[in-house]
Asks: 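My questions will all concern the structure given below.
Residue numbers start from 1 in every chain, and the chains themselves are labelled A, B, ... in the order their sequence lines are given, proteins ahead of strands.
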There are 2 protein chains.
Amino acid sequence: MRMTYQREIILEELRRVKSHPTADELYLMVRHRMPRISRATVYRNLEQLSEAGMVVKLMGTGNQRRYDGNTQKHTHIHCIKCGKVADIAAPEDMDASSLPDIQNSCGYKVLGRQIEYTGICPDCNNGKSTA
Amino acid sequence: MRMTYQREIILEELRRVKSHPTADELYLMVRHRMPRISRATVYRNLEQLSEAGMVVKLMGTGNQRRYDGNTQKHTHIHCIKCGKVADIAAPEDMDASSLPDIQNSCGYKVLGRQIEYTGICPDCNNGKSTA
DNA sequence: ATTGATGCAAATGATTTGCAGCCCA
DNA sequence: TGGGCTGCAAATCATTTGCATCAAT
């Protein structure tokens, strides 16, 4: 994977924030530094970076995919009103050693486990909601 | 919520299967019994039924939303190749009594927890993959 | 009778893709 | 220098919505 300037900036911006932005939000952030970058480039790079394990693609966070520059194992909580995602200290941040044990209960080869909390973020809880 | 004929059939078909179908798959299933039903009706009803807690909307299962007619608490595994979802016996199927404990670690009001496994389904593991 | 529900078609919105030119390794 | 990468615009694909009509309560 070539390290192009746009790829560098995308990665840098994603790592700078703690906000788990959507591809489009990140596009807007990056555009401040690279006005001519296209949405397609951001989408393509996020997909590639997540395949390379350099960023994490979050699933189940509403209609828009979100990305996390922090590749350390940690748990998220997702606001059901506005969609925002935050990190949360959860008791389940443990090892994955028990994964193979449950393999044959469904016939699938188990690869991983995602735990995600759902809730209401402080902003939405105060009626400041947007989405 | 009125119990229309289409609503009844949709619910019946979803409950009949164990496949966690997408809205579109369910639309095709229902159409066998109601050729004139529209996709919009299926989408609208699934959304409404899930709001009413009569079916479960699955998140994080790829690009298409999937639904589960089984409202009992249980855990899913999601094939990263074809997107199919299956039920899995997991050690985490426990009570949610510990949820409030972690509330203030992130400022969110914690409402629930979703645990989802990722893996490769038997079909895809044998090279019979489609998606 | 009222009012929510339906079917149709068109709109939306996120994401993807074709393509010609560009630039990193 | 060559093949991956970019920007642009158009294409996809899932899902939603406006609207006139229909049907459940």
Asks: Could you list the residues that satisfy side-chain contact (heavy atoms from CB on, under 4.5 Å) with Arg7(B), not counting sequence neighbours?
Replies: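 For Arg7(B), the residues satisfying side-chain contact (heavy atoms from CB on, under 4.5 Å) (neighbours in sequence not counted) are Met1(B), Arg2(B), Met3(B), Thr4(B), Asn45(B), Gln48(B), Leu49(B).
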Asks: Applying salt bridge (Lys or Arg N to Asp or Glu O under 4.0 Å), can you list everything that pairs with Arg31(A), at least two apart in sequence or on another chain?
Replies: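 Arg31(A): no salt bridge (Lys or Arg N to Asp or Glu O under 4.0 Å) contacts found.
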Asks: Mind calculating the distance between CZ (Arg36(A)) and C1' (dC23(C)) to the nearest angstrom?
Replies: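 The distance from CZ of Arg36(A) to C1' of dC23(C) comes to 16 Å, rounded to the nearest Å.
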Asks: Just to verify, what does Arg15(A) make a salt bridge (Lys or Arg N to Asp or Glu O under 4.0 Å) with, not counting sequence neighbours?
Replies: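 So Arg15(A) forms no salt bridge (Lys or Arg N to Asp or Glu O under 4.0 Å) with any residue.
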Asks: Measure the distance from CE on Met34(A) to C1' on dT6(D) and round it to the nearest whole Å.
Replies: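 Taking atom C1' of dT6(D) as the reference, CE of Met34(A) is at 9 Å.
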Asks: What is the distance, rounded to the nearest whole Å, between atom CD of Glu51(A) and atom C1' of dC5(D)?
Replies: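 In whole Å, dC5(D) C1' lies 15 Å from Glu51(A) CD.
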Asks: Hey, is the side chain of Gln48(A) poking within less than 4.0 Å of OP1 or OP2 on dC5(D), counting only N and O atoms?
Replies: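 For Gln48(A), the contact criterion (side-chain N or O under 4.0 Å from OP1 or OP2 of dC5(D)) is met.
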Asks: Distance check needed: dT15(D) P versus Lys57(B) NZ, whole Å only.
Replies: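 These atoms are roughly 10 Å apart.
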Asks: Rounded to 10°, tell me the angle between the two end axes of the helix from dA1(C)-dT25(D) to dA25(C)-dT1(D), each built from five pairs.
Replies: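 Between the first-five-pair axis and the last-five-pair axis there is 50°.
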Asks: Who else is in the cluster with Tyr43(A) when I, L, V, M, F, W and Y are joined by side-chain contacts under 4.5 Å?
Replies: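 Via sub-4.5 Å side-chain contacts, Tyr43(A) links to none.
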Asks: Can you name the residues that form a salt bridge (Lys or Arg N to Asp or Glu O under 4.0 Å) with Glu47(A), not counting sequence neighbours?
Replies: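 Lys57(A).
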Asks: Would you say dC8(D) has OP1 or OP2 under 4.0 Å from some side-chain N or O of Ser38(A)?
Replies: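 Looking at the OP1 and OP2 atoms of dC8(D), neither is under 4.0 Å from any side-chain N or O of Ser38(A).
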Asks: Any donor-acceptor pair under 3.5 Å linking the side-chain atoms of Asn70(B) with those of His20(B)?
Replies: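 There is no such pair (donor and acceptor under 3.5 Å, judged by atom type) between the side chains of His20(B) and Asn70(B).
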Asks: For Glu25(B), give me all partners under salt bridge (Lys or Arg N to Asp or Glu O under 4.0 Å), at least two apart in sequence or on another chain.
Replies: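 So Glu25(B) forms a salt bridge (Lys or Arg N to Asp or Glu O under 4.0 Å) with Arg66(B).
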Asks: Write down the distance between CD1 (Ile10(A)) and C1' (dC5(D)), rounded to a whole number of angstrom.
Replies: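 Roughly 11 Å, once rounded to whole Å.
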Asks: Check the phosphate of dG4(C) against Arg7(B), side-chain N and O only, distance under 4.0 Å to OP1 or OP2. Yes or no?
Replies: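 Arg7(B) to dG4(C) OP1/OP2: no side-chain N or O under 4.0 Å.
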Asks: Can you tell which of Lys18(B), Gln72(B), His74(B) makes a side-chain hydrogen bond (donor to acceptor under 3.5 Å, both in side chains) with Asp87(B)?
Replies: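 For Asp87(B), the side-chain hydrogen bond (donor to acceptor under 3.5 Å, both in side chains) test succeeds with only one of Lys18(B), Gln72(B), His74(B), which is His74(B).
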Asks: Could I get the full list of side chain to side chain donor-acceptor pair (under 3.5 Å) partners for Thr71(B), not counting sequence neighbours?
Replies: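 Checked Thr71(B) against side chain to side chain donor-acceptor pair (under 3.5 Å); zero matches.
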Asks: Nucleotides 10-17 of chain C: which of its N/O atoms have a protein N/O under 3.5 Å away?
Replies:
unit_1  : atom_1 : unit_2   : atom_2 : d
dT15(C) : OP1    : Arg65(A) : N      : 2.8
dT15(C) : OP2    : Tyr43(A) : OH     : 2.6

Asks: Within the 4.0 Å limit for protein heavy atoms, which parts of nucleotides 20-25 of chain D are touched? Write it as a string from 5' to 3', B for base, S for sugar-phosphate only, - for none.
Replies: ---BBS
Asks: If I take atom CG in residue Asn45(B) and atom C1' in nucleotide dT16(D), what distance separates them, rounded to the nearest angstrom?
Replies: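 Rounding to the nearest Å, CG of Asn45(B) and C1' of dT16(D) are 14 Å apart.
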Asks: Does Val56(B) sit in a hydrophobic cluster with other residues, and if so which ones, taking ILVMFWY side chains as linked at heavy-atom separations under 4.5 Å, directly or through other members?
Replies: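 Leu58(B), Val85(B), listed by chain and number.
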Asks: Mind checking side chain to side chain donor-acceptor pair (under 3.5 Å) for Thr118(A) and listing every partner two or more places apart, or none if nothing turns up?
Replies: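 Gln114(B).
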